[in-house]
Amino acid sequence: HGGVVSVNRLLQAILQNGARMAEPGEFTKRAFLNGRIDLSQAEAVMDLIRAKTDRAMDVALRQLDGDLSNLIRNIRQIILNTLAEVEVNIDYPEYDDVEEVTTKLLKEKTNEVKGHVEQLLHTAKQGKILREGLETAIIGRPNVGKSSLLNRLIREEKAIVTDIAGTTRDTIEEYVNVNGVPLKLVDTAGIRETEDVVERIGVERSRKALQEADLILLLLNQSEELSPEDIALLEASQQMNRIILLNKSDLEARVTPADLANWSEPEKVISTSMLEQVGLDLLEKQISEMFFAGETGEQDATYISNVRHIALLNDTVAALEEVLSGIEADMPVDLVQIDFTHAWELLGEITGDTVQDELLTQLFSQFCLGK
């Protein structure tokens with residue numbers, strides 16, 4: 001029982017007698033093709049498996065229950081009803097000014113639909129964070145406590161910590177849950193000029209991580225005067241989402257939050273001590289407030305987190321704007337409604353009502369076997 005060899009022999013025997021291995025996502029795909037679930041619900045299965053926090057799991061469960069599907073179908077129904085009414089007005093005009101009446105109706109409904117879609121897109125940033133995590137780079141010059149911060153946040157001795165500058169030679173990645181916000185922590189090599197070939201590669205990767213991060217945790221050693229490397233990092237990260245940590249508060253302070261006034265508001269600088277584990281609760285609170293105003297969103301909100309869905313919704317907004325532009329340019333109604341129909345088709349791709357076979361193959365190939 002539980003032995004790998006016996007299980008493999010049993011599996012081989014089953015395969016030799018005509019069975020086959022399930023394809024990636026085959027069970028979920030069958031449920032979709034048989035009409036038990038739609039495409040957004042099928043994708044929610046994968047999101048549920050990959051969820052890294054309770055909140056991310058709740059978002060996936062709501063999508064699996066059909067919350068997003070119902071919203072999309074309601075919006076599509078508004079478009080469909082409008083298109084039907086436009087056709088009726090054109091084919092069976094009751095007014096002399098049928099063109100004006102039809103254009104007014106189309107404009108009103110386009111703005112209504114656009115409002116619903118933009119409201120969904122408003123949740124995309126938070127939804128994407130809950131689904132994929134915040135790319136968070138821990139940066140600073142060597143030996144300021146970056147690896148210690150990583151270890152404290154993940155509550156595990158993952159990174160090697162020594163008093164020797166340049167111990168971290170490469171980036172280390174780890175996920176952590178901060179008040180319901182998943183962070184993809186990247187502990188970087190200390191950024192400095194070095195002749196060491198290996199360390200120099202690590203420094204270049206650190207600079208790349210700095211540019212790609214959603215959030216920067218910049219560590220400074222408050223027991224030492226600001227160095228040129230510190231100032232360079234303060235300036236390079238000034239326009240980014242950043243939290244400054246004055247580390248080693250257990251030692252005599254030579255840098256205070258007031259000394260950083262040129263680069264940050266003093267009240268946004270946190271004093272920490274990795275040795276005594278001071279300031280970590282303030283850091284977690286500030287991260288939550290930066291991205292979710294202190295809360296990980298409304299508990300009953302429907303979040304858009306899937307990159308494919310976000311792209312389709314953006315395309316829908318563009319199609320609706322084309323409708324409004326056509327109306328302003330006094331284009332014939334039958335031409336304007338082409339873009340309105342295109343918006344209806346784009347929304348249908350989210351639920352799978354207007355999806356192509358190639359897309360289905362690509363989506364379900366990302367699943368693990370079976371599922």
Side-chain angles (χ1 to χ4, degrees), residues 31-45 47 59-95 98-124 127 298 300-327 331-357 359-360 363:
F32 166 70
L33 293 175
N34 290 322
R36 301 293 299 274
I37 58 175
D38 65 27
L39 191 56
S40 68
Q41 290 174 296
E43 290 172 293
V45 173
D47 292 344
V59 170
L61 282 172
R62 292 186 67 84
Q63 186 171 320
L64 184 59
D65 286 340
D67 286 20
L68 176 60
S69 307
N70 292 333
L71 279 172
I72 296 298
R73 287 198 180 96
N74 289 338
I75 297 172
R76 294 188 83 218
Q77 193 61 47
I78 294 172
I79 296 176
L80 198 59
N81 292 343
T82 305
L83 288 170
E85 197 165 343
V86 167
E87 288 292 337
V88 169
N89 286 351
I90 293 173
D91 294 340
Y92 306 99
E94 297 179 8
Y95 312 98
V98 63
E99 185 85 16
E100 182 180 340
V101 171
T102 305
T103 300
K104 182 181 178 183
L105 169 69
L106 199 54
K107 186 175 182 179
E108 287 176 356
K109 292 300 181 181
T110 299
N111 282 319
E112 180 185 348
V113 170
K114 188 167 176 278
H116 288 311
V117 175
E118 288 176 339
Q119 189 175 356
L120 273 175
L121 279 171
H122 183 67
T123 68
E298 302 174 20
D300 59 348
T302 299
Y303 286 99
I304 297 294
S305 60
N306 187 296
V307 175
R308 188 181 73 88
H309 299 171
I310 294 170
L312 287 168
L313 289 173
N314 280 318
D315 290 343
T316 302
V317 170
L320 295 171
E321 287 174 347
E322 287 294 323
V323 174
L324 296 173
S325 298
I327 292 173
M331 291 177 61
V333 174
D334 53 345
L335 291 179
V336 173
Q337 74 180 71
I338 292 175
D339 289 315
F340 207 42
T341 304
H342 183 49
W344 179 80
E345 292 171 346
L346 288 168
L347 291 172
E349 288 189 38
I350 294 177
T351 55
D353 293 320
T354 57
V355 74
Q356 298 177 352
D357 291 340
L359 177 61
L360 291 180
L363 286 176

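Counting begins at 1 with the first residue of the sequence. These values consider heavy atoms only, across backbone and side chains, with no hydrogens, waters or symmetry-generated copies.
- Note: Ile327 CD1 to Gln337 CD = 11.0 Å, rounded to the nearest 0.5 Å.
- Every side chain to side chain contact (heavy atoms under 4.5 Å, CB included) that Glu108 has, sequence neighbours left out, goes to Lys104.
- Between the side chains of Glu85 and Asn81, no donor-acceptor pair of N or O atoms lies under 3.5 Å.
- The closest side-chain heavy-atom distance from Ile72 to Leu120 is below 4.5 Å.
- Here the straight-line distance linking atom CG of Asn306 with atom CG of Asp47 works out to 6.0 Å at 0.5 Å rounding.
- Atom-to-atom distance recorded for Glu349:CD and Leu313:CG is 11.0 Å, nearest 0.5 angstrom.
- Within the structure, the side chain to side chain donor-acceptor pair (under 3.5 Å) test picks out the following pairs touching residues 309-327 (sequence neighbours left out): Glu43-His309.
- Across all their heavy atoms, Glu112 and Ile78 have their closest contact at OE2-CD1, 3.6 Å.
- Legend: residues meeting side chain to side chain contact (heavy atoms under 4.5 Å, CB included) with Ala31, ordered by chain and number and at least two apart, are Arg36, Ile37.
- Contact between Phe340 and Thr110 at its shortest, heavy atoms only, is CE1-OG1, 3.6 Å.
- In terms of heavy atoms, Ile350 sits closest to Leu39 at O-CB, 3.8 Å.
- In this structure a side-chain-to-backbone donor-acceptor pair under 3.5 Å is present from Thr123 to Ile304.
- Taking CG of Leu347 as the reference point, atom CD of Gln77 lies at 12.5 Å (rounded to 0.5 Å).
- Atom-to-atom distance recorded for Ile79:CD1 and Leu106:CG is 10.5 Å, nearest 0.5 angstrom.
- Distance check, rounded to the nearest 0.5 Å: OG1 of Thr341 to CG of Leu80 gives 9.0 Å.
- Of all heavy-atom pairs between Asp339 and Ala319, the closest is CB-O, 3.7 Å.
- With sequence neighbours left out, the side chain to side chain contact (heavy atoms under 4.5 Å, CB included) criterion links Ile338 to Leu335.
- Evaluation of the side chain to side chain contact (heavy atoms under 4.5 Å, CB included) rule for Asn111 yields Lys107, Leu324 as partners, not counting sequence neighbours.
- You'll find the side chain of Lys114 stays beyond 4.5 Å of the side chain of Val323, heavy atoms only.
- Looking at residues two or more places apart in sequence or on another chain, you find a side-chain hydrogen bond (donor to acceptor under 3.5 Å, both in side chains) between Ser40 and Asp38, Ser69.
- Inter-residue side-chain proximity for Asp353 and Arg76 is flagged as met; some heavy-atom pair is nearer than 4.5 Å.
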